[in-house]
Visitor: 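First the structure, which I've put down as structure tokens, then a few questions once you've had a look.
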Amino acid sequence: MKNNYLDVLIDKIHTAQTIAIVGHKNPDGDSLCSTLALARLLKVNFNKDAICVYDGNIPDMLDNVPFREKMQFWERADLTKSFDLFFVLDYGTKNHIGGALPAVNKAKFVIEIDHHENADTIADLCLNDDKAAAVGEIIFNIANRLKWTLDDSVNELIATSILTDTGFFRYVHKGNVLRSMAKLVDAGIDIDRISNSLNNKPRKTVLMEAAVASRAEFFNHGKLVLAVINADDYKNLDGRGETVLSLLGQIKGVEYIVLLKRQKENQTGVSLRSKTQPIDEIAAALGGGGHKCAAGAVVQDSLENVQKKVLGLFRGIK
């Protein structure tokens, strides 16, 4: 990351009177905890208060993270003013921001921090690293490089962002994030305690996830498994359905996992995972994006039509 980029970051923070932070819709551990960690860093190091906003649903398992109460649903936050500085974190594409997008668009200056590849950025300054395992890792590196003070709550938030986005290191491809976590452990982070704090789902959610996984269908000679969360199930969904994806990914012979979620009458969420093969191009064909083996999209169409399109895109894939 270039020094002059960080100089601009510091200048914009110093001169901003109003600051807001948003991550992607239906925040996961990285999006939520990175947002809260950055807000805390701004408070501790600059005495600046930032509004933290989100759209969609926050998983119940994240109820216990530090400063969770500071997250405001975008419709309940005052987004009418033009913010001096707006941070956009972990968003992938602008379609994933949700209701706060108009406020981002009218902000005086926008800074994005992301680990997704995105050729259509919306920011004035991009502090991105698509080699990072999580946005929390990028923020941790920036804070250390600039010698910012990190208190215990910031360390816990960053650790949670890294642990959740790497599947507790199952999806790690580079050692840098492990070295960052080693520093956090040396600073007092207890990985076992964080893991136990995330076991916080309602019974109805766990039972729903198990039922959805049991109804999954198999295609492409068993290499592709597809599960559907219908309207009745979606209201009980805790976040983005990561548990369903994880359960189906454990099945022998499965390479690709697809989860379709009927979010609204003509809006379908698509989550895509693979064990080894790229699926980001399929997500892009649906108007979404993401990583090589973990991607997704939100499609403005019925669940039935989206399912046909997804199966068509997978046709012929080995």
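Atoms considered below: every heavy atom in the structure, side chains included; atoms not considered: hydrogens, waters and symmetry mates. Here the structure is a predicted model, which means the values were calculated and not measured.
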Visitor: May I have the step-by-step check of side-chain contact (heavy atoms from CB on, under 4.5 Å) for Glu217 and Val225, ending in yes or no?
Guide: CA-CA 6 Å; Glu217 297 181 80; Val225 59; over 6 Å; no
Visitor: Quick check against the 3.5 Å criterion: does Asp165 have a side-chain atom that pairs as donor or acceptor with the backbone of Asp30?
Guide: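 Checked: no pair found.
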Visitor: Once rounded to the nearest 0.5 Å, what's the spacing between atom CG of Asp129 and atom CG of Asn141?
Guide: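 So the gap between those two atoms works out to 7.5 Å.
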Visitor: Kindly give the heavy-atom pair with the smallest separation between Gly92 and Asp114, and that separation in Å.
Guide: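 Minimum heavy-atom contact is N-OD2, 2.9 Å.
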Visitor: Any idea which heavy atoms bring Gly23 and Ser31 closest together, and the distance?
Guide: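 Nearest heavy atoms, Gly23 then Ser31: CA-OG, 3.4 Å.
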Visitor: What pairs meet the side chain to side chain donor-acceptor pair (under 3.5 Å) rule with one or both residues in residues 63-79, with sequence neighbours excluded?
Guide: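 Passing the test, one end in residues 63-79: Asp55-Trp74, Asp78-Thr80.
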Visitor: Measuring only between side-chain heavy atoms, which start at C-beta, is Phe218 closer than 4.5 Å to Leu224?
Guide: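 Result no, sub-4.5 Å side-chain heavy-atom pair not found.
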Visitor: Which residues pass the ring-ring contact (aromatic ring centres under 6.0 Å, His included) test with Phe73, sequence neighbours left out?
Guide: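 By the ring-ring contact (aromatic ring centres under 6.0 Å, His included) rule, Phe73 matches Tyr54.
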Visitor: I'd like to know whether CG of Asn196 has more than 12 heavy-atom contacts from other residues, nucleotides or ligands below 6.0 angstrom.
Guide: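 Atom CG in Asn196 is packed in, count exceeds 12.
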Visitor: Is Ser246 reaching over with its side chain to a backbone N or O of Thr243, donor-acceptor style, under 3.5 angstrom?
Guide: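 Pair absent, no side-chain N/O of Ser246 close to backbone of Thr243.
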Visitor: How far apart are the closest heavy atoms of Gly136 and Ile158, and which atoms are they?
Guide: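 Closest heavy-atom pair between Gly136 and Ile158: O-CG2, 3.5 Å.
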Visitor: Do Glu255 and Thr276 meet the criterion of a side-chain donor-acceptor pair at a distance under 3.5 Å?
Guide: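 Per modelled atom types, Glu255 and Thr276 side chains form a pair under 3.5 Å.
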Visitor: Should Val298 and Leu303 be counted in the same cluster of Ile, Leu, Val, Met, Phe, Trp and Tyr side chains packed under 4.5 Å apart?
Guide: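 No, because Val298 and Leu303 fall into different hydrophobic clusters, even though each may have its own neighbours under 4.5 Å.
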Visitor: Are side-chain N/O atoms of Asp90 and His115 paired as donor and acceptor at under 3.5 Å?
Guide: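 Checked: Asp90/His115 side chains pair up, N/O donor to acceptor below 3.5 Å.
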Visitor: Hey, are Lys292 and Asp280 close enough for a salt bridge, meaning a charged N less than 4.0 Å from a carboxylate O?
Guide: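 No, this pair does not count.
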Visitor: If you look at every heavy atom in Ala227 and Leu248, which pair is closest and at what distance?
Guide: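 In this case the closest contact between Ala227 and Leu248 is CB-CD1, 3.7 Å.
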Visitor: Looking at residues at least two apart in the chain, or sitting in another chain, which of them share a ring-ring contact (aromatic ring centres under 6.0 Å, His included) with Phe109?
Guide: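 ring-ring contact (aromatic ring centres under 6.0 Å, His included) check on Phe109 returns nothing, list empty.
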Visitor: When you compare the side chain of Ile19 with that of Ile51, does any pair of heavy atoms fall below 4.5 Å?
Guide: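 Not in contact.
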Visitor: Working to the nearest 0.5 Å, report the span between CZ of Phe314 and CZ of Phe219.
Guide: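 Atom-to-atom, Phe314:CZ and Phe219:CZ are 11.0 Å apart.
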Visitor: Quick check: is Leu89 connected to Val110 through a chain of hydrophobic side chains (ILVMFWY, heavy atoms under 4.5 Å apart)?
Guide: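 Same cluster: Val110 reaches Leu89 through Ile, Leu, Val, Met, Phe, Trp or Tyr contacts under 4.5 Å.
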Visitor: Quick check for you: to the nearest 0.5 Å, what is the distance between Ile194 atom CD1 and Phe168 atom CZ?
Guide: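 Result: 7.5 Å between the selected atoms.
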Visitor: For the pair Thr18 (side chain) and Asp84 (backbone), establish whether a donor and an acceptor sit closer than 3.5 Å, ignoring hydrogens and angles.
Guide: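 Yes.
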Visitor: Under 4.5 Å between any side-chain heavy atoms of Val154 and Leu36, yes or no?
Guide: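 They are not in contact (no side-chain heavy atoms under 4.5 Å apart), so the answer is no.
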Visitor: Looking at Lys131 and Glu137, does any basic side-chain N land under 4.0 Å from a carboxylate oxygen?
Guide: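 No salt bridge links Lys131 with Glu137.
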Visitor: Step by step, would you call Asp28 with Glu242 a side-chain contact (heavy atoms from CB on, under 4.5 Å)?
Guide: CA-CA 9 Å; Asp28 57 9; Glu242 293 294 331; 5.7 Å; no
Visitor: Please tell me if the side chains of Leu157 and Thr35 come closer than 4.5 Å, counting only heavy atoms from C-beta onward.
Guide: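 A side-chain contact under 4.5 Å is absent here.
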Visitor: Side-chain donor-acceptor pairs under 3.5 Å in residues 171-188, sequence neighbours left out?
Guide:
residue, atom, partner, partner atom, Å
His173, NE2, Tyr171, O, 3.4
Asn176, OD1, Arg179, NH2, 2.9
Ser180, OG, Asn176, O, 3.3

Visitor: For residues Gln277 and Tyr256, determine if any side-chain heavy atom of one lies less than 4.5 Å from a side-chain heavy atom of the other.
Guide: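 Yes, close enough: below the 4.5 Å cut-off.
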Visitor: Do Lys261 and Ser271 have side-chain atoms, one donor and one acceptor, less than 3.5 Å apart?
Guide: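 Ser271 and Lys261 do have a side-chain donor-acceptor pair below 3.5 Å.
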Visitor: Please confirm whether the backbone N or O of Lys201 pairs with a side-chain atom of Thr205, one donor and one acceptor, at under 3.5 Å?
Guide: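 It does not hold such a pair.
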Visitor: Hey, does Ser161 have a side-chain heavy atom less than 4.5 Å from the side chain of Glu156?
Guide: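 No - every pair of side-chain heavy atoms lies 4.5 Å or more apart.
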Visitor: Which salt bridge (charged side-chain N to carboxylate O under 4.0 Å, His left out) pairs, counting each pair once, include a residue from residues 38-49, with sequence neighbours left out?
Guide: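 Sorted result for residues 38-49: Arg40-Asp151, Lys43-Asp49.
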Visitor: Mind listing the closest non-hydrogen atom pair of Ala297 and Gly287 along with its distance?
Guide: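 Result for this residue pair: CB-C, 4.4 Å.
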Visitor: Would you list the pairs meeting side chain to side chain donor-acceptor pair (under 3.5 Å) in which at least one residue belongs to residues 293-304, sequence neighbours left out?
Guide: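 Residue pairs passing side chain to side chain donor-acceptor pair (under 3.5 Å), neighbours aside: Gln267-Gln300, Asp301-Asn305, Ser302-Asn305.
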Visitor: Using the rule that two of Ile, Leu, Val, Met, Phe, Trp, Tyr join whenever any of their side-chain heavy atoms come within less than 4.5 Å, decide whether Leu146 and Leu150 are in one cluster.
Guide: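 Cluster IDs for Leu146 and Leu150 match.
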Visitor: So Leu85 and Ile111, side-chain contact (heavy atoms from CB on, under 4.5 Å) or not? Walk me through it.
Guide: CA-CA 8 Å; Leu85 180 59; Ile111 298 176; 3.7 Å; yes
Visitor: Answer yes when Lys204 and Asp233 have at least one side-chain N-carboxylate O distance shorter than 4.0 Å, and no when they do not.
Guide: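 Salt bridge: no.
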Visitor: For ring pair (Phe, Tyr, Trp, His ring centres under 6.0 Å), just list the numbers for Trp148 and Phe46, CA-CA rounded to whole Å, side-chain angles, deciding distance to a tenth of an Å, and then say yes or no.
Guide: CA-CA 10 Å; Trp148 288 352; Phe46 300 92; 5.4 Å; yes
Visitor: If we count only N and O atoms by modelled type, under 3.5 Å, do the side chains of Asn26 and His96 hold a donor and an acceptor together?
Guide: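 Per modelled atom types, Asn26 and His96 side chains form no pair under 3.5 Å.
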Visitor: Do Leu247 and Leu245 belong together in a cluster built from hydrophobic side chains that touch within less than 4.5 Å?
Guide: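 As far as the 4.5 Å side-chain criterion goes, Leu245 and Leu247 are not connected within one cluster.
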Visitor: Can you tell me if Glu112 and Tyr91 form a side-chain donor-acceptor pair at under 3.5 Å?
Guide: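 Note: Glu112 and Tyr91 side chains meet the donor-acceptor criterion.
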Visitor: Is any side-chain heavy atom of Val306 closer than 4.5 Å to one of Leu260?
Guide: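 SC-SC contact between Leu260 and Val306 confirmed.
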Visitor: Determine whether Tyr5 and Leu127 satisfy the following criterion, side-chain contact (heavy atoms from CB on, under 4.5 Å), listing intermediate values before the conclusion.
Guide: CA-CA 7 Å; Tyr5 286 9; Leu127 304 177; 3.8 Å; yes
Visitor: Above 12 or not: heavy atoms from other molecules or residues under 6.0 Å from NZ of Lys275?
Guide: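 Yes.
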Visitor: To the nearest 0.5 Å, how far apart are OG in Ser34 and CD1 in Ile138?
Guide: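 Spacing of OG (Ser34) from CD1 (Ile138) equals 8.0 Å.
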Visitor: Same cluster or not: Leu42 versus Val44, using hydrophobic residues (I, L, V, M, F, W, Y) connected whenever any side-chain heavy atoms lie under 4.5 Å apart?
Guide: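 Leu42 and Val44: separate clusters.
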Visitor: Return the minimal non-hydrogen interatomic distance between Ala143 and Leu41, and the atom names on each side.
Guide: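 Scanning both residues completely, I find the closest heavy atoms to be CB-CD1, 4.3 Å.
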Visitor: Nearest 0.5 Å, what's the CZ-CG distance between Arg262 and Asn230?
Guide: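 It comes to 8.5 Å.
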Visitor: Quick check for you: to the nearest 0.5 Å, what is the distance between Thr164 atom OG1 and Leu32 atom CG?
Guide: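 Thr164 OG1 to Leu32 CG: 9.0 Å, rounded to 0.5 Å.
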